[in-house]
Amino acid sequence: MMTLKCTSTKKYHITDGESNESDGAFNLTNFWDSLNQAVKAVSHEATKLSLAFSKPPLPSQQDVEKLSESTLKSVLSLSTVYYWLPKSQGVSLRRHVRDATVEVLEGVAQLVEVILSSPLQSLSQDQLTSTGGVWSACDHFARLPRDNKAAVLMVLSDQIGVVKDAIEEIEQALSEDQDPFSDVLDNDQEPRGNQDTYWSEKDRRVIGPCQGLMKAAAACLRKLTPAVKANGDVATSQNLAQLDDLADVTKEISPGLDDLALCLYPPMDYSGVENNVSKLASLLKKVLGIIRSSHVCGESQLTWVQFLDGAVDHNLQKAKDLIQQDS
C-alpha cells in the first residue's frame with residue numbers, strides 16, 4: 001500500500017518560534033528574493049503533487065517517495081527562510097510574513113489530507129479547492145509589506161475600515177425611525193411595542209458625544225496614516241520599535257469602539273455607556289500620547305494631535321454630563 005510520507009497532520013509551530021538573529025548585517029532585499037523563490041517552490045510542488053493524484057493510475061511507490069521528499073523539502077525551505085527574518089526588522093513586518101507563511105503550510109497540509117482521504121477516481125472538488133488554496137496563499141506573498149513602515153500602514157488601513165463601518169452602522173440605525181432591531185426579527189413576527197427597543201430623547205442626546213468620540217478615533221487613524229507615510233523611518237531600532245508601538249496601540253481602537261457602540265443600543269444602560277466611553281477616551285488619550293512622543297510627529301502633526309486631545313476631553317465630559325442629568 002502506497003503512502004505519502006508528507007506528514008499531513010503535522011502542526012507547524014512557526015507562530016511560537018524566535019527569529020534567527022545574526023551578528024552580521026541583515027539584507028532585507030536578499031531575504032525577499034529568497035522568500036519568493038521558496039514560495040514559488042512550494043506552489044510548484046503542490047501542483048505536481050495534485051496532478052500526480054488527479055487521475056488513475058496511482059503513481060509508483062518510488063514516485064510517491066520522490067514527491068513526498070520534494071514537497072517536504074520545499075515546506076522546510078520556506079519555514080527556514082521565514083526564520084531568517086529577525087524581529088529587529090520590525091515586529092509588525094514579521095507578523096505579516098509569519099501569518100502568510102503559516103497559511104501556505106496549512107494549505108499544503110490540507111491538500112495532503114484531501115489526497116490521502118479521497119478515492120482515486122478523478123480530480124475531486126475538494127482537491128481542486130485545496131490546490132487553489134495553496135496557490136492563493138502563495139500569491140498573497142506578492143502583496144505583503146516589504147518593510148516595517150509598510151506593515152504599519154497596512155495595519156492602519158485595516159483599522160480605518162473597521163472603525164468607519166462601526167460609525168456608519170450607528171449612524172444608519174439613528175437615521176431610521178423604526179425599531180433598530182427590526183432587521184433581526186422574523187418576517188412573521190409583529191413589530192414590538194416595548195419602548196425598550198427604541199431610543200428615548202435622552203438616549204439620542206447621550207449618543208451625540210459618543211459619536212463625537214468615535215469620529216475622533218477615526219480622525220486620529222486618518223491623520224496618523226499620512227504622518228507615518230511622510231515621517232516613518234525604519235533605519236534605527238528605536239524608530240522601528242516606535243512604529244510597532246503605534247501599530248499595536250491603534251489595533252486596540254476598534255475593539256474599544258465596538259464595545260461602546262454595542263452598549264448604545266436600546267435599552268440603553270447608562271452606567272455601561274459611561275464605563276465604555278471612559279475606556280475609549282482613555283485609550284485615545286494613550287494613542288495620542290504615543291503619537292506625540294514618536295518620531296512621526298512633527299510640528300504639523302502636533303497641531304491635530306492637540307486638537308483631537310481636546311476633542312476627546314470635550315466629548316467625554318459632555319457624555320458624562322448628559323448621563324448624569326435627571327438621574
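Computation of the quantities below employed the complete heavy-atom set of this structure, encompassing side-chain atoms and omitting hydrogens, waters and symmetry-equivalent molecules.
The salt bridge (Lys or Arg N to Asp or Glu O under 4.0 Å) analysis of residues 294-315, with sequence neighbours excluded, yields the pairs Lys285-Asp309, Lys285-Asp313. Residue pairs that meet the salt bridge (Lys or Arg N to Asp or Glu O under 4.0 Å) test with at least one member in residues 259-283, sequence neighbours left out, do not exist here. Residue pairs meeting the salt bridge (Lys or Arg N to Asp or Glu O under 4.0 Å) criterion with at least one member in residues 25-51, sequence neighbours excluded, are Glu45-Lys48.
In the hydrophobic cluster analysis, where Ile, Leu, Val, Met, Phe, Trp and Tyr join through side-chain heavy atoms closer than 4.5 angstrom, Leu262 is grouped apart from Leu213. In this structure, Val91 is not a member of the same hydrophobic cluster as Val249, with clusters built from ILVMFWY side-chain heavy atoms closer than 4.5 Å.
Side-chain N or O atoms of Thr80 include one that pairs as donor or acceptor with a backbone N or O of Leu76 at under 3.5 Å. A distance-only check finds a donor-acceptor pair linking the side chain of Ser34 to the backbone of Asn30 [under 3.5 Å]. In this structure a side-chain-to-backbone donor-acceptor pair under 3.5 Å is missing from Glu65 to Gln62. The main-chain N or O of Val234 is never found under 3.5 Å from a side-chain atom of Lys149 such that the two would form a donor-acceptor pair. Checked by atom type and distance alone, the side chain of Asn275 never pairs as donor or acceptor with a backbone atom of Ser271 at under 3.5 Å.
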Which atom pairs, donor and acceptor, lie under 3.5 Å between side-chain atoms of residues 314-321 and protein residues at least two apart or in another chain?
residue, atom, partner, partner atom, Å
Asn315, ND2, Ala311, O, 2.9
Gln317, NE2, Asp321, OD1, 3.0

Anything under 3.5 Å between a donor and an acceptor, one on a side chain of residues 153-171, the other on a protein residue two or more places apart or in another chain? List them.
residue, atom, partner, partner atom, Å
Gln159, OE1, Ser254, OG, 3.0
Lys164, NZ, Glu168, OE2, 2.9

Output side-chain donor-acceptor pairs under 3.5 Å for residues 219-228, partner residues at least two apart or in another chain, one line each.
residue, atom, partner, partner atom, Å
Thr225, OG1, Leu221, O, 3.0

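Residues satisfying the ring-ring contact (aromatic ring centres under 6.0 Å, His included) test with Phe141, not counting sequence neighbours, are none. Applying the side-chain hydrogen bond (donor to acceptor under 3.5 Å, both in side chains) rule to Asp244 yields the partners Ser92, Asn148; only residues at least two apart in sequence or on another chain are considered. The side chain to side chain contact (heavy atoms under 4.5 Å, CB included) search around Ser300 returns none, not counting sequence neighbours. For Thr131, the side-chain hydrogen bond (donor to acceptor under 3.5 Å, both in side chains) partners two or more places apart in sequence, or in a different chain, are Ser50. In this view, Trp32 satisfies the side-chain hydrogen bond (donor to acceptor under 3.5 Å, both in side chains) rule with no residue, not counting sequence neighbours. Applying the side-chain hydrogen bond (donor to acceptor under 3.5 Å, both in side chains) test to Arg292 and every residue at least two apart in sequence or in another chain returns nothing.
Defined by atom type and a distance below 3.5 Å, a donor-acceptor pair is missing between the side-chain atoms of Thr129 and Asp126. Counted by atom type alone, Tyr198 and Asp203 present zero donor-acceptor pairs between their side chains at under 3.5 Å.
At least one side-chain heavy atom of Asn231 sits less than 4.5 Å from a side-chain heavy atom of Gln301. The shortest distance between side-chain heavy atoms of Lys202 and Tyr270 falls below 4.5 Å. Looking at heavy atoms from C-beta onward, Thr47 lies out of side-chain contact with His44 at the 4.5 angstrom threshold. Under the 4.5 Å side-chain criterion, counting only non-hydrogen atoms from C-beta, Tyr82 is not in contact with Leu78. Residues Phe26 and Ser88 form no side-chain contact, since every pair of their non-hydrogen atoms from C-beta on lies 4.5 Å or further apart. At least one side-chain heavy atom of Leu128 sits less than 4.5 Å from a side-chain heavy atom of Gln125. For the pair Met268/Val206, a side-chain contact is recorded, criterion being any heavy-atom separation below 4.5 Å from C-beta on. Counting heavy atoms from C-beta on, the side chains of Arg146 and Leu28 never come closer than 4.5 Å.
A distance of 7.0 Å separates NE2 of His295 from OG1 of Thr236, quoted to the nearest 0.5 Å. We find the NE2-CG distance between His96 and Leu144 to be 7.5 Å, quoted to the nearest 0.5 Å. Taking CG of Leu280 as the start and SG of Cys210 as the end, the distance is 9.0 Å to the nearest 0.5 Å. Taking CG of Leu67 as the reference point, atom OG1 of Thr71 lies at 6.0 Å (rounded to 0.5 Å).
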